[in-house]
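Remarks on the structure that follows.
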Amino acid sequence: MSQDSCLCEANLENADLRDARLEGANFRDANLERVQFERANLTNACFDHANLERATFHEANLYRVKGLTMPAPETPQE
């Protein structure tokens with residue numbers, strides 16, 4: 001994939017993007033549910049407002065990635 005590819009609003013549910021070169025890719029508003037990004041190079045990629053439910057990023061290069069946030073930890077119920 002070429003640098004700075006626009007995948008805005010794409011539906012990539014269940015895609016296998018392991019080892020992909022996705023430098024600068026724009027995934028804004030994309031459906032990335034269950035996408036496998038293992039070992040992918042995602043340098044400068046944008047994930048603003050993307051659905052990342054159950055997406056995996058094991059050993060992916062996330063240098064300068066935008067839009068990835070960690071969910072708030074669950075509060076234990078008393």
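In this text the structure is predicted, and so the values were computed from the model without any measurement. These numbers come from the heavy atoms of this one structure, side chains and all, not from hydrogens, waters or symmetry mates.
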Set of residues satisfying salt bridge (charged side-chain N to carboxylate O under 4.0 Å, His left out) with respect to [X], sequence neighbours excluded:
{"X": "D29", "value": "none"}
{"X": "E33", "value": "R54"}
{"X": "E13", "value": "R34"}

Inset, instruction - Give every residue pair that meets the salt bridge (Lys or Arg N to Asp or Glu O under 4.0 Å) criterion with at least one member in residues 56-66, sequence neighbours excluded. - result: none

Legend entry - Residue pairs passing the salt bridge (Lys or Arg N to Asp or Glu O under 4.0 Å) test where at least one lies in residues 41-53, sequence neighbours excluded: R28-D48

Inset, instruction - Would you give the length of the straight line joining atom CD of E23 to atom CG of N41, rounded to the nearest 0.5 angstrom? - result: 4.0 Å

Inset, instruction - Could you tell me the separation between the CG atom of N44 and the CG atom of N26, rounded to the nearest 0.5 Å? - result: 11.5 Å

Inset, instruction - Sort out for me which residue in Q36, R18, E38 forms a side-chain hydrogen bond (donor to acceptor under 3.5 Å, both in side chains) with T56. - result: E38

Inset, instruction - Specify the closest pair of heavy atoms between L22 and A45, including all atoms of both residues, with the distance to one decimal. - result: O-CB, 4.2 Å

Inset, instruction - Can you see which heavy atom on L12 is nearest to which on L32, and at what distance? - result: CD1-CD2, 3.7 Å

Legend entry - For R39, all residues meeting side-chain hydrogen bond (donor to acceptor under 3.5 Å, both in side chains), sequence neighbours excluded: D19

Inset, instruction - Over 60° means perpendicular and under 30° means parallel, so classify the ring planes of F47 and F27, tilted if in between. - result: parallel

